[in-house]
Amino acid sequence: MSLAIDCNNLGKSFGNYVAVQGVSFQLPEGAIMGFVGPNGAGKTTTIRMLCGVLLPSEGSAKVLGFDVKAQSEEIKQRIGYMSQKFSLYEDLTVEENLNFYAGVYSLTGVMAQEQMTKVISRITLDSRLNQMVGSLSGGWKQRVALACALMHNPQLLVLDEPTAGVDPVSRRVFWDIIRQLSKEGMTILVSTHYMDEADSCDYLGFVFYGRLIAFGSPVQMKEKEGRANLDDLFIYYVEREAVEDPRNRQAVKRRQK
Amino acid sequence: MLRFNRTRFIAILKKEFIQIRRDKPSLMMAIAMPVILLLLFGYAVNTDVEHLPTVIWDQSQSVNSREMIEAFRNTNYLDPAYYVYGYDEVEEKLDSGRARVAIVIPPDFGKRLHGLEQGSLQVLVDGSDPTVARAAMSAVQLVGLDKSLSLQTERLLEQGISGTTGMPVNVETRVWYNPDMKSTVFNIPALIGLILQNVIAMLTAFSMVREKERGTMEQIVVTPIRSLELLLGKLVPFVIIGFVSLSLILTIGIYWFGVPPKGSILLLISLSTIFMFTILAIGLLISTVARTQLQAMQMTFLLILPSILLSGFVFPRETMPKLLQFLGALLPLTYFLEIVRGIFLKGIGIKYLWQDTLALSVFAVILVAIASKKFKKNLD
Ligand SMILES: Nc1ncnc2c1ncn2[C@@H]1O[C@H](COP(=O)(O)OP(=O)(O)OP(=O)(O)O)[C@@H](O)[C@H]1O
Ligand SMILES: [Mg+2]
């Protein structure tokens, strides 16, 4: 089985501040991987490095077989990304946004039309096509964002907290789509704060203070630490790891030098 | 790295046009602002000194004094509007600002002229506005000189000395390029530069900053879009808007204010294009620094003041202190003003404008280079 993501000792510093450090994991193709960890743990930073947007300060990573430093263009063409902050054009209709992203991924003519029909029916957007995106509710906005990220039928789908602030019903709809995509062979990397979502992933990565402190399937991880559910595991990790944020200590040390 | 993808470029272009069409304030700014600015400046920045309200205290009440007053009126500079009988009243008219000029003719004015003596009269000028004062003073002095000469000739003729009716020296003045010395003729062409600069720079900066402010840039950077595609896709619409504004200004300038260009419109448009590039680059630079649209607006306004004061738009640069002249030389608008005024007023071609054109082109190249570099870095 080939790897969708293969990263080794990946790290990122902003000036003195080490946001991400020594992240290594291998994700096989077709799997759903959940990324969990407290606010500011470094999930978004890691994701952005894997997308080829942020240059790693150390380590290396291959995404879909391409190097994130040298081949970011190839990666960008093959991944779908939904950023944590909603970032579609609110003054454009749903259809205009879809058209824009079709063009952005160089889809033309019949190809664009086919993809469009496929995505619209998969996400069931038919009724909202001519609505201004700015006037959609939170749940619908996220569905449109997902649709845009799927326009070019990406090999890897990267979702940064796609269900934050979304009601339970919309959340279920959203995850049904994600699981369906995974069944069809798409690899999915999704960050979340919801443990029920994390529990249903094939793989899970716990990010704490910029480090990936655990990686594996949810069942394995719970068994290893002897916890009944992910909530307990999460709290256990937090208490074990975090007496003090090591990144802050390092920053202080460097400043004192 | 310079692979340019047309599909992506067109997608950006389309999106940009839809957004501009929906963005009523920007549309208003692109269409209404040039018109409003043009009308505002065309009428308000009128430095022509004409028909100054004048108060007259004619104590002489003679044929000569009345002739004198008529001579003043005929200059069109002075407009004898009040006739008063006392110094208090003269003072009151000047103090209240109802009159800008006062002419006091003494009682013996007519008598002295008849007696072949020197008749004198007093002219008081409100010097609050130096331009007005200077114009009024030179007008009355010319009238005085003219009157003296004709009287002198009459007197000589009466004494039987003939043949000297003509003046020994005749200074014939003729004003070129703007023979009526209308300030609109001088200002309207310059407004093309000022308006283009402000409207286009602001719109460009807005369009870029909006992507940052609303977070849509987050998504853009993860797509295969190249910075060049984004740059052109965003700028081309504003080049088009720039040309619409330019035609609008030209049309109003030519047909409403009656200021047709003496030189080639084609040359004007091609050189305006170079100028437009410098403006787009300035807008782009502003957008790389500004985080919000408000900041972008403030920065554009910061640019407007020196543009008006130092570029030669209102004050001639030749008379400025060296430092200000130097600062003015750093503004692309300065060179563009030379160009538009040259084409509009003098009808001169590239033969005389090549230096300004060269300077403008250098600005365009440097600014576009810096702006696109900063823009690219900003994306990372
Ligand atoms: N451009 C940047 N410059 C400086 N510090 C940054 C930058 N981006 C992120 N950080 C810092 O890096 C740390 C990790 O941020 P990141 O956004 O990756 O966390 P996260 O796990 O996604 O958190 P959340 O759950 O809140 O989204 C934070 O402390 C953040 O302040
Ligand atoms: Mg995050």
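Letters A, B, ... mirror the listed sequences (proteins, then strands); counts begin at 1.
- A donor-acceptor contact under 3.5 angstrom links the side chains of A/Ser87 and B/Gln219, judged on distance only.
- Rounded to the nearest 0.5 Å, atoms CD (B/Glu218) and CZ (A/Phe86) are 13.0 Å apart.
- Atoms CD1 and OH, from B/Ile225 and A/Tyr105 in turn, are 8.0 Å apart once rounded to the nearest 0.5 Å.
- More than 12 heavy atoms of other residues, nucleotides or ligands lie within 6.0 Å of CG in B/Leu330, so this atom counts as buried by the packing criterion.
- Most heavy-atom pairs under 4.5 Å with chain A, from the set B/Thr216, B/Ile18, B/Thr7, B/Ile10: that is B/Thr216.
- Contact of A/Leu55 with chain B is not made at all, since no heavy-atom distance falls under 4.5 Å.
- For A/Ser135, the side-chain hydrogen bond (donor to acceptor under 3.5 Å, both in side chains) partners at least two apart in sequence or on another chain are A/Gln131.
- Comment: B/Arg22 does not engage A/Glu90 in a salt bridge, judged by the lack of any side-chain N to carboxylate O separation of less than 4.0 angstrom.
- Residues A/Tyr89 and B/Glu211 bring a donor and an acceptor atom of their side chains to less than 3.5 Å of each other.
- Using a 4.0 Å cut-off between a side-chain N of Lys or Arg and a carboxylate O of Asp or Glu, B/Arg214 and A/Asp91 qualify as a salt bridge.
- The number of heavy-atom neighbours closer than 6.0 Å to CZ of A/Phe174, taken from other residues, nucleotides and ligands shown, is above 12.
- With a threshold of 4.5 angstrom between heavy atoms, A/Glu96 approaches chain B through side-chain atoms but not through N, CA, C or O.
- A salt bridge links B/Arg226 with A/Glu73: the distance from a Lys NZ or Arg NE/NH1/NH2 to an Asp or Glu carboxylate oxygen falls below 4.0 Å.
- Looking at A/Lys76 and B/Thr223, their side chains never come closer than 4.5 Å, going by heavy atoms from C-beta outward.
- The only member of A/Gln77, A/Glu74, A/Arg78 that meets side-chain contact (heavy atoms from CB on, under 4.5 Å) when paired with B/Pro224 is A/Gln77.
- The shortest distance between side-chain heavy atoms of A/Asn99 and B/Lys14 does not fall below 4.5 Å.
- With a 4.5 angstrom heavy-atom cutoff, A/Met151 does not touch chain B via any of its atoms.
- Residue B/Phe326 qualifies as open at atom CZ: its count of foreign heavy atoms under 6.0 Å is 12 or below.
- Within a 6.0 Å sphere centred on CD of A/Glu58, heavy atoms belonging to other residues, nucleotides or ligands number more than 12.
- Counting only heavy atoms from C-beta outward, the side chains of B/Val222 and A/Ser83 never approach each other to under 4.5 Å.
- For A/Tyr101, the part lying under 4.5 angstrom from a heavy atom of chain B is the side chain only.
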